[in-house]
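For reference, the structure is listed below as structure tokens.
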There are 2 protein chains.
Amino acid sequence: MTANTYSISELSTEFDITTRTIRFYEDEGLLFPQRDGMKRIFSEKDRVHLMLILRGKRLGFSLQESRELIELYDPKSGNKKQLNVFLKKIHTKKQELAKQLNDINIMQNELDLAAEKITKIINKSTN
Amino acid sequence: MTANTYSISELSTEFDITTRTIRFYEDEGLLFPQRDGMKRIFSEKDRVHLMLILRGKRLGFSLQESRELIELYDPKSGNKKQLNVFLKKIHTKKQELAKQLNDINIMQNELDLAAEKITKIINKSTN
DNA sequence: CCTAAACTTTACGTTTACGTAACAGTAAGC
DNA sequence: GCTTACTGTTACGTAAACGTAAAGTTTAGG
């Protein structure tokens, strides 16, 4: 088992975010550092959560959405009903991602067309 | 040439957004409706801009980013230097999109793994 | 003529996701 | 022992993207 731990500044450096941001995420219930006296000690799990949050941000997810994602990745509640709810949520999220994939493809094509247009204009002009 | 025009409510209905949102986008310089007396008359071009903005939103773009995207799609400035700047911006944006594609793929795989895990737990349990 | 629907402007309010002090404790290095 | 660096809490501030309410026009229909 990897029992790595991290200080707040180690994580802020690694992910290029401020300590304020990390404390904010803790306040929001997204991270659960232990304490050594007053100081926060972050676990590998916290670090993974951070990665999930930041990747979510890059895809336009709110912290609330990332919170739900994190729940899906390690379900606490073990009863069948709740687990099936999770399965549905995963399915829904995958559909959203598929839509995003589609949007990205369209946008990439449009950007290619725009680049072509501009290139032609450049080649035809002299100034 | 398609000279379709649209009222504010037509667009708000079509895209399922409020009129407030549309007026806000105009204030922000993203839409340029003509006027019939006081009333706004939106062109096909405005409609396209709206589509771009909303697709951008789905991908987590800010309005500022969408504004830049729109500029790239129809460049006003015609001098060579400026056009080359646009080409670079397009390239940069495409790289960002490629990164998003990657993030989405990773997330999809992780969701698949999470679903597998949950499914196994469900099958092993009775309640 | 009157009402209802759709449109307008102006302006203050709200949520999210932190930024930015201000002030204090603590641990390490010289 | 003193400075420096890191850590902590508390709390007000802020930018983005609209929401919401107030109050006034305009236009089509009965």
Side-chain angles (χ1 to χ4, degrees), chain A residues 4-43 46-71 93 96 100 103, chain B residues 4-43 46-47 49-71 93 96 100 103 107:
Chain A
N4 288 338
T5 63
Y6 308 88
S7 73
I8 193 167
S9 58
E10 283 172 341
L11 290 182
S12 81
T13 299
E14 175 176 1
F15 293 110
D16 195 27
I17 56 182
T18 67
T19 56
R20 174 70 176 91
T21 297
I22 296 178
R23 293 193 190 101
F24 177 70
Y25 292 161
E26 181 189 1
D27 277 359
E28 294 293 305
L30 296 163
L31 305 174
F32 308 93
Q34 301 294 109
R35 296 286 175 139
D36 169 21
M38 297 219 78
K39 296 183 181 174
R40 291 168 175 80
I41 307 288
F42 295 88
S43 66
D46 288 316
R47 190 171 161 279
V48 170
H49 282 198
L50 254 184
M51 293 180 47
L52 293 175
I53 294 166
L54 297 176
R55 187 161 64 217
K57 279 193 62 178
R58 290 197 299 275
L59 295 175
F61 292 10
S62 69
L63 291 185
Q64 176 54 36
E65 288 177 297
S66 289
R67 191 204 319 281
E68 291 175 14
L69 257 183
I70 290 173
E71 269 190 37
K93 192 50 100 178
E96 285 177 34
Q100 284 203 21
D103 280 333
Chain B
N4 285 339
T5 63
Y6 308 88
S7 73
I8 193 168
S9 58
E10 281 172 342
L11 290 182
S12 82
T13 299
E14 174 176 1
F15 293 110
D16 197 26
I17 57 183
T18 67
T19 57
R20 174 71 178 91
T21 297
I22 296 179
R23 293 193 189 100
F24 177 71
Y25 292 162
E26 181 189 2
D27 276 359
E28 294 295 303
L30 296 162
L31 305 174
F32 308 93
Q34 301 293 107
R35 295 287 175 139
D36 170 20
M38 297 220 76
K39 296 183 181 174
R40 292 169 175 79
I41 307 288
F42 294 88
S43 66
D46 289 316
R47 190 170 162 279
H49 283 197
L50 254 184
M51 293 179 48
L52 292 176
I53 294 166
L54 298 176
R55 186 163 65 217
K57 280 193 62 179
R58 291 198 297 273
L59 295 175
F61 292 10
S62 69
L63 290 186
Q64 176 55 35
E65 289 176 297
S66 289
R67 191 204 319 282
E68 291 174 12
L69 258 182
I70 289 173
E71 269 189 37
K93 190 51 98 177
E96 285 178 33
Q100 283 205 25
D103 280 333
M107 200 172 279

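In what follows, every heavy atom counts, from backbone to side chain, and hydrogens, waters and symmetry copies are set aside. Chain naming here is simple, since letters A, B, ... match the order of the sequence lines and numbering starts at 1 in each.
- For K39(A), the listed nucleotide lying nearest its side chain is dT7(D); candidates were dA11(D), dC18(D), dT7(D).
- Residues from residues 51-70 of chain B with heavy atoms under 4.0 angstrom of DNA chain D, sorted by number: K57(B), S62(B), L63(B).
- How far CZ of R20(B) is from CD1 of I8(B): 10.0 Å, rounded to the nearest 0.5 Å.
- R23(B) comes within 4.0 angstrom of a nucleotide base, judged by non-hydrogen atoms across all strands.
- Atom CD in E68(B) sits 7.0 Å away from atom NZ in K93(B) (nearest 0.5 Å).
- The phosphate of dT7(D) (OP1 or OP2) has no side-chain N or O of T19(A) nearer than 4.0 angstrom.
- Straight-line distance from the CG atom of D16(B) to the P atom of dG19(D): 11 Å, rounded to whole Å.
- Annotation: D27(B), atom CG; neighbour count of heavy atoms from other residues, nucleotides and ligands within 6.0 Å is above 12.
- In this structure, OH of Y25(B) is placed 11 Å from C1' of dA16(D), rounded to the nearest angstrom.
- Put simply, the side chain of K39(A) does not reach to within 4.5 Å of the side chain of S7(A), judged on heavy atoms.
- The shortest distance between side-chain heavy atoms of I53(A) and I70(A) falls below 4.5 Å.
- Between M38(B) atom CE and dT27(D) atom P the separation is 11 Å, expressed in whole Å.
- Across the protein-nucleic acid pair, R40(B) atom CZ and dT27(D) atom P stand 15 Å apart, rounded to whole Å.
- Put simply, NE2 on H49(B) and CG on L30(B) are 8.5 Å apart, with the number rounded to the nearest 0.5 Å.
- Proximity of L63(A) to F24(A): side-chain heavy atoms (C-beta onward) are separated by under 4.5 Å at one or more points.
- Proximity of T18(B) to the phosphate of dC18(D): no side-chain N or O atom is located under 4.0 Å from OP1 or OP2.
- Comparing dT7(D), dA11(D), dA17(D) against the side chain of F24(B) picks out dA17(D) as the nearest.
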Item to complete: Test side chain to side chain contact (heavy atoms under 4.5 Å, CB included) on R47(B) and F15(B) and set out the steps.
Response: CA-CA 10 Å; R47(B) 190 170 162 279; F15(B) 293 110; 3.9 Å; yes
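- Here chain A contacts DNA chain C (any atom closer than 4.0 Å to a heavy atom, that is under 4.0 Å), and the contacts span dA17(C) to dA27(C) from 5' to 3'.
- A close approach under 4.0 Å does not occur between any side-chain nitrogen or oxygen of R20(B) and OP1 or OP2 of dT20(D).
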Worksheet item: Would T18(A) and T21(A) satisfy side-chain hydrogen bond (donor to acceptor under 3.5 Å, both in side chains), going step by step from the backbone distance to the final call?
Response: CA-CA 5 Å; T18(A) 67; T21(A) 297; 3.0 Å; yes
